[in-house]
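Structure first, then comments.
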Protein chains: 2
Amino acid sequence: MDVRLDDLDRKILRELQRDAGQSLDEIAKEVGSSKTPVWNRIRKMREAGIVGAQTVLLDAESLGFDACFFVLIRTSEHEKDWQDRFLAALKARPEVQEAHRLAGDIDYILKVRVKNARAYDTFYQALIAEVKIHNVTALLSMEELKFTTALPL
Amino acid sequence: MDVRLDDLDRKILRELQRDAGQSLDEIAKEVGSSKTPVWNRIRKMREAGIVGAQTVLLDAESLGFDACFFVLIRTSEHEKDWQDRFLAALKARPEVQEAHRLAGDIDYILKVRVKNARAYDTFYQALIAEVKIHNVTALLSMEELKFTTALPL
DNA sequence: ACGGAAGCGGAAAAACGTTCTATCTCGACT
DNA sequence: AGTCGAGATAGAACGTTTTTCCGCTTCCGT
C-alpha cells in the first residue's frame, strides 16, 4: 500500500499545503494537469496516509490564548507503566499541542498553549500531581516569529 | 473589526478544527443550526483574521522527513539589525517550522524538520554562517507523541 | 509489432457553496 | 405592556464544484 511519489504528486501536495480550500480546477491548472488525475492522486495519497487531516489554523491571540510555553522535562522514571500514564495524561490535555520524546539529557519537550500564566500553573500542578517528574523547565514564548505546518517538498 | 464570539461560533470553530473538509450542511447539523448562519459566521471570522489558512497535515515520516530537532539558541547580539537578519534567515528556510522569541535565559527556540541528521547539520552550518550566534543546543526528537494544531475552545 | 495495464482528458451526474428572500427573535424606546 | 427596527435564521434557488464514468492515449514487457 505504499505509494511512490512522482513530481506531479509533490506539486499537488505543495498546493494542498499552501491552500487546501482551492478547487480541483485551480490545483490542476497550477500543477499543469487536469481534474481527474489530481483527484485520483489525492485519493491515493489519502488512503496511503500521506495526506492526513484537513484543518484550519486559528489565530491563538485573538481567541485569548496569550501564553505559549515550551516545557523541558527530565524524569527518573523510565518504566513502561510510567510512560503509559504520562502519555495518557498528555493526550488527555488539550492545552498540550505537541509532545516529543527526546534523545539525550532532557527526556521530553512539550508545547503548551494556554490563556495566561495562571492557566499554565494550573496545568503544571495537575500534571505533576498525576505523574512523577524529576525536573521541569518552562520556556515562555514572548513572540511567535514563525509558524508553518508545511513540509518543504 | 473585532468579533465577539458566542457559543455557536465556538462550536463552528471546533468543527472546522476537527475537519475543515466537511460540508456546510454537516457542520450546521453538528452545531445545531442551518447553512446560512454557519456560512456567514465563518466568513466574518475569516475577515476578522480569527480563521486563517486552510491546510492539510502531511505525514512527515512517509515523506522521508525522519528527523525533527528543537534548537535552543542563546545570542549575545540584541540589536535591531541583528534581529532583522536572524528573522529573515528563519523565514527564508522552509525546514524551520516554528520559531519563538523567549523570555529568560534562552533567547530563541526553533523547531526544525529535516530528512536526516546530515541535513540538520547542513542547515546548522548555513545558519551560523549567516548570523552570529553565541550558543546552540539541539534536542533530537525520537518520537512525536502528540501533535495537534487545535486550540481547546 | 502487439497486448495489456495504467493514466489521462473530457462529459455527465450528484453534491456542494453561495446568494436571496421571507420570517423570526430580541432589545430599546415610548 | 406594545411597537418598532436591527440583526440573525431557515429554506429555497442558482451557479459552481466534486465525483463518477467512459473512451482514448501512452508506456512497458514480451
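Order of the sequence lines fixes the chain letters, A, B, ..., with proteins taken first and strands second; residue numbering starts at 1 for each chain.
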Hey, what bend do you get for the helix from dA1(C)-dT30(D) to dT30(C)-dA1(D) if you fit axes on five pairs at each end, rounded to 10°? 30°
Can you list, in residue-number order, the parts of residues 7-16 of chain B that come under 4.0 Å of DNA chain C, counting heavy atoms only? none
Residue that, paired with Glu130(A), satisfies side chain to side chain donor-acceptor pair (under 3.5 Å) out of Arg93(A), Arg85(A), Gln125(A): Arg93(A)
With a 4.0 angstrom cut-off to heavy atoms of chain B, pull out the first and last contacting nucleotide of DNA chain D, in 5'-to-3' order. dA8(D) to dG11(D)
Could you list all the side chain to side chain donor-acceptor pair (under 3.5 Å) pairs where at least one residue sits in residues 133-142 of chain B, not counting sequence neighbours? His100(A)-Ser141(B)
Please tell me whether Leu140(B) and Val112(B) are part of a single hydrophobic cluster in this structure, the criterion being side-chain heavy atoms less than 4.5 Å apart. yes
Aromatic contact between Phe69(B) and Tyr124(B), with the criterion being ring centroids under 6.0 Å apart: yes or no? no
Is there a path of hydrophobic side-chain contacts, each under 4.5 Å between heavy atoms of I, L, V, M, F, W or Y residues, that connects Phe86(A) with Val71(A)? yes
Listed in order of residue number, which residues of residues 33-44 of chain B have a non-hydrogen atom at under 4.0 Å from DNA chain C? Lys35(B), Thr36(B), Trp39(B)
Return the residues of residues 19-31 of chain B meeting this criterion: a heavy atom under 4.0 Å from some atom of DNA chain D. Order them by number, or give none. none
Side chain Gln22(B), main chain Glu15(B), donor-acceptor under 3.5 Å: yes
Less than 4.5 Å apart, side chain to side chain, heavy atoms only: is that true for Asp25(A) and Lys35(A)? yes
